[in-house]
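Just so you know, ligand 1 is whichever comes first in the structure, and atom 1 is the first atom listed for that ligand.
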Amino acid sequence: MLVVLGVAGCNVPPSDPSTSDVQLPDTVTFAEHIAPLVWEHCMPCHRAGQIGPFPLVSYTDVQRKAKMVRFVTTERYMPPWPADTAYARYLGERVLNERQIALIAKWVEQGRLPGDTASLPDPPDHPDAPPLGEPDLVVPLPDTAFIPGDARDRFLIAKAPWELPRDTFVRAIMFEPGNRALVHHMNGGLINYPPGAKDDVFAGHGYIDAEQLGGPDAFAALQLANDDGTWPPLVPSAVNHLPGMLPPRYPEGIGGYHFARKGSFLLNTLHYGPTARDTTDRSRFLVYFAERAPERPLQELALGSLGITPVEPPLELAPGEVRTFRSTYTLPEPISVLSVNPHMHLLGTEFLAYAVTPARDTVPLVRINDWDFRWQYVYTFPRMVPLPSGTTIHVYGTFDNTAENPHQPFDPPRHVTGADSRFMRTTDEMFQFFLSYVDFRPGDDTVRLDQPPASAPAAASSR
Ligand code: HEC
């Protein structure tokens, strides 16, 4: 999203539970109050062909669902934004403030008045892609994925390989879902094959169902390894996609990747929402080349499962067990953090990450009070967050393996272990925390990350 949420322009913090100081107009109408609100906060997903199950654009759309809209906004179930904004703030937050929630409630109580809908402007464009222009390279998934109409969430592991005349650099990578109404999220890594390491990057399956095949079998089916069986270098979360969110666009000189002659995207998770009809998807990656090597390349720290620090105690849950795990890491070098990405699977319920500097300052990173595996956001800070050398990062994750957990995939609950290979089933649990960072430079604490490059259109906000 390009919408810039100036913290300064918003007097009522979204998580402030007090409504006493909220001033509401005497009469609330769709045209004057509700349309701008749903167009900004709901319509990115609730319009034709998008992931939201029905459109929320016109007066008829919204008044038909008005009671549900009041319920999901009061409960803060919609718009989906699991991170606690009372703990840390990010760019593009999808959160309604108390006044907006109260406006919706009052509109419903007053009988859903349309107001002067004839004078409403056209609903805004919500571009599906950032204005980066034509990509230099399009990398599609090699096969079309079949999605049976069994009304279940579906998780694939997939690859999207490429072969180029020579090595190059990229400034931006976008994931473009083929089936926008179903692609719920995608977390993609970047594999660069060393020279001579891989003959045919296109050999092997294009995708596999992560619930059917995990571990070494999945690894073999995708044929992602080097020809000698060793594993090529992987940039774990180089591309992420969630409906309605545009990828972050960092200031000039920050970010970008080396792109080898032969390589592949590894779609660690390609999550499709449930559908009642058989359908298909063929998604693709849009790649934008850069002239030069990135000045400050993005790096990533992965803590927890498969990361550089262990999960303590080892991730394992008996049937019926609720348990908190942790992972900690002390920085050997100073870094400047751009974004954080908490990751758990179905049984996760709470997530907390913060850093403690050598001067004993606590830096909040992310808190999620009600984990929902369907909304795996990468949270980008409004400014870079420098962490000095010697800072300790603390990460805590709680998992609920009881039958009462609504996301429990097994009936009755089973013994669950942590994923122990790059390829895992969704029903294996994971406890991971990724930080995207660049090497620290003095003055980084003033570098704003919400400044789109000069070519981007001005941000619009109805707040
Ligand atoms: C990021 C995408 C996204 C945004 C933004 C969003 N929704 Fe949704 N909404 C969904 C999806 C997907 C579902 C289907 C249920 C689910 O996955 O949780 C849904 C479901 C719903 C439902 C049905 C809930 C149910 O239990 O069946 C309502 C009502 C709703 N949304 C209202 C809203 C309103 C009102 C807003 C804005 C204030 C909004 N949504 C913003 C994606 C979104």
Would you say ligand 1 has an N or O under 3.5 Å from any N or O of Thr73?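 Not met; the criterion fails.
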
Is it the case that ligand 1 has an N or O less than 3.5 angstrom from some N or O of Arg374? yes

Going by atom types only, do Thr144 and Thr280 share a side-chain donor-acceptor pair under 3.5 Å?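 Distance-only check fails for Thr144 and Thr280.
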
What I want to check is whether the side chains of Thr349 and Thr398 have a donor and an acceptor closer together than 3.5 Å.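 Note: Thr349 and Thr398 side chains miss the donor-acceptor criterion.
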
Quick one: salt bridge (charged side-chain N to carboxylate O under 4.0 Å, His left out) partners of Arg414, sequence neighbours excluded?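 Scan of Arg414 (salt bridge (charged side-chain N to carboxylate O under 4.0 Å, His left out), adjacent residues dropped) gives none.
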
May I ask whether Pro243 places a heavy atom under 4.0 Å from ligand 1? yes

Quick check on Gln100 - does any of its heavy atoms sit under 4.0 Å from an atom of ligand 1? no

Flag the pair Arg180 and Asp281 as a salt bridge only when some basic side-chain nitrogen lies within less than 4.0 angstrom of an acidic carboxylate oxygen.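 Looking at Asp281 together with Arg180, the answer is no, because their closest N to O distance does not fall below 4.0 Å.
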
For atom 8 (Fe) of ligand 1, how many protein N, O or S atoms come closer than 2.8 Å?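 Count of protein N, O, S atoms less than 2.8 Å from atom 8 (Fe) of ligand 1: 2.
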
What atoms in ligand 1 come closer than 4.0 Å to a heavy atom of [X]?
| X | result |
| --- | --- |
| Ile51 | 12 (C) |
| His41 | 5 (C), 37 (C), 41 (C) |
| Trp375 | 1 (C), 2 (C), 12 (C), 42 (C) |

How would you list, by chain and number, every residue that makes a side-chain hydrogen bond (donor to acceptor under 3.5 Å, both in side chains) with Asp372, sequence neighbours excluded? Arg374

What is the closest protein heavy atom to [atom], and at what distance does it sit?
| atom | answer |
| --- | --- |
| atom 22 (C) of ligand 1 | Phe54 CZ, 3.5 Å |
| atom 25 (C) of ligand 1 | Met68 CE, 3.7 Å |
| atom 15 (C) of ligand 1 | Tyr77 OH, 4.0 Å |

So does Tyr437 get a backbone contact from the side chain of Glu300, meaning a donor-acceptor N/O pair under 3.5 Å?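 Checking the backbone N and O of Tyr437 against the side chain of Glu300, no donor-acceptor pair under 3.5 Å is found.
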
Closer than 3.5 angstrom, by distance alone: can the side chain of Thr309 be matched with the main-chain N or O of Ser327 as a donor-acceptor pair?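 It does not hold such a pair.
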
In terms of heavy-atom contacts, does [atom1] of [X] have more than 12 from other residues, nucleotides or ligands at under 6.0 Å?
| X | atom1 | value |
| --- | --- | --- |
| Asp370 | CG | no |
| His407 | NE2 | yes |
| Phe71 | CZ | no |
| Glu32 | CD | no |

Identify each donor-acceptor pair in which a side-chain atom of residues 52-59 lies under 3.5 Å from a protein atom, sequence neighbours left out, and give them as a table.
{"from": "Ser58", "atom 1": "OG", "to": "Thr60", "atom 2": "N", "distance (Å)": "3.4"}
{"from": "Ser58", "atom 1": "OG", "to": "Asp61", "atom 2": "N", "distance (Å)": "3.1"}
{"from": "Ser58", "atom 1": "OG", "to": "Asp61", "atom 2": "OD1", "distance (Å)": "3.2"}
{"from": "Ser58", "atom 1": "OG", "to": "Asp61", "atom 2": "OD2", "distance (Å)": "3.2"}
{"from": "Tyr59", "atom 1": "OH", "to": "Arg112", "atom 2": "O", "distance (Å)": "2.5"}

Specify side chain, backbone, both or neither for Phe71, according to which of its non-hydrogen atoms lie closer than 4.0 Å to ligand 1.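 Answer for Phe71: neither.
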
Part of Trp39 within contact of ligand 1 (heavy atoms, under 4.0 Å):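 Looking at Trp39 and ligand 1, no heavy atom falls under 4.0 Å.
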
